[in-house]
Amino acid sequence: RLFRLLDRFSRQNGWTDEVWENSIIEKYYIYFDYNYKSIKTESVHISRYICQVYFVSESVAQQAIEKYHDLIMEVMAI
């Protein structure tokens, strides 16, 4: 459920699969930092992780974190 919600949010906020064709553009994703027990963002240029939702900007990724914070924390069992 969370994956589908984040994927839809990303696509509604500018993500298209064509973004991967430009290796100069940073692609942002959300991850959970267990050391700090917090949700963070990171960027990649050419690496594409399996089962990961990407965002066109850090600000869009942050908006997704704000919107789905409680659900992300629930999924991470925190």
Side-chain angles (χ1 to χ4, degrees):
R1 175 177 172 219
L2 178 59
F3 181 88
R4 286 191 312 259
L5 290 170
L6 291 173
D7 186 59
R8 185 177 309 126
F9 185 87
S10 176
R11 291 178 185 281
Q12 289 172 341
N13 286 278
W15 181 263
T16 65
D17 292 331
E18 288 79 33
V19 174
W20 285 112
E21 295 175 12
N22 188 337
S23 63
I24 296 171
I25 297 174
E26 287 184 291
K27 294 91 174 161
Y28 292 86
Y29 64 93
I30 296 170
Y31 72 98
F32 187 79
D33 185 322
Y34 277 96
N35 284 332
Y36 296 100
K37 304 277 190 272
S38 63
I39 306 165
K40 298 183 177 188
T41 63
E42 187 62 66
S43 67
V44 294
H45 289 272
I46 58 174
S47 298
R48 190 171 188 176
Y49 301 108
I50 297 169
C51 296
Q52 184 64 265
V53 175
Y54 293 91
F55 301 88
V56 294
S57 69
E58 187 172 20
S59 67
V60 172
Q62 287 293 338
Q63 290 171 33
I65 290 170
E66 291 169 17
K67 184 170 185 171
Y68 297 109
H69 180 274
D70 293 346
L71 185 55
I72 294 169
M73 296 301 277
E74 180 182 321
V75 168
M76 300 310 298
I78 301 301

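Worth saying up front: this structure is predicted, and the values here are computed from it rather than measured. The first residue in the sequence is number 1, and the count goes up from there. Side chains are part of it too, since the values below use all heavy atoms of this structure and drop only hydrogens, waters and symmetry mates.
Contact detail for Arg1 and Leu71: the closest heavy-atom pair is NH1-CD1, 4.2 Å. The two residues Tyr28 and Ser43 have their closest heavy-atom pair at CE2-CB, 3.5 Å. In terms of heavy-atom proximity, Asp17 sits nearest to Arg11 at OD1-NH2, 3.3 Å.
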Practice task
Walk me through it: do Ile72 and Leu2 pass the test side-chain contact (heavy atoms from CB on, under 4.5 Å)?
Solution key: CA-CA 7 Å; Ile72 294 169; Leu2 178 59; 4.0 Å; yes
Handout entry: Step-by-step side-chain contact (heavy atoms from CB on, under 4.5 Å) determination, Tyr29 to Val44
Key = CA-CA 8 Å; Tyr29 64 93; Val44 294; 3.7 Å; yes
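Residues Val53 and Trp15 have side chains not in contact (no heavy-atom distance under 4.5 Å, counting atoms from C-beta outward). Met76 has its side chain out of reach of Ile39: every pair of non-hydrogen atoms, C-beta onward, lies at least 4.5 Å apart.
Atom CH2 of residue Trp20 and atom NE2 of residue His45 lie 10.5 Å apart, to the nearest 0.5 angstrom. To the nearest 0.5 angstrom, Tyr68 atom OH is 7.0 Å from Leu6 atom CG. Between the CG atom of Asp33 and the CD atom of Glu42 there is a distance of 10.5 Å, given to the nearest 0.5 Å. The CD atom of Glu26 sits 12.5 Å away from atom CD1 of Ile46, with the distance rounded to the nearest 0.5 Å.
Between Tyr34 and Phe32, the ring-plane angle classifies as perpendicular under the 30° and 60° cut-offs.
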Name the atoms and distances for all side-chain donor-acceptor pairs under 3.5 Å in residues 57-64, with sequence neighbours left out.
residue: Ser57; atom: OG; partner: Ser59; partner atom: OG; Å: 3.1
residue: Ser57; atom: OG; partner: Val60; partner atom: N; Å: 3.1
residue: Glu58; atom: OE2; partner: Thr41; partner atom: OG1; Å: 3.2

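Looking at Tyr54 and Gln52, their side chains never bring a donor and an acceptor atom within 3.5 Å of each other.
Side-chain atoms of Asn13 come within 3.5 Å of backbone N or O of Phe9 as a donor-acceptor pair.
Residues Tyr49 and Phe3 fall within the same hydrophobic cluster, defined by Ile, Leu, Val, Met, Phe, Trp and Tyr side chains chained together at heavy-atom separations under 4.5 Å.
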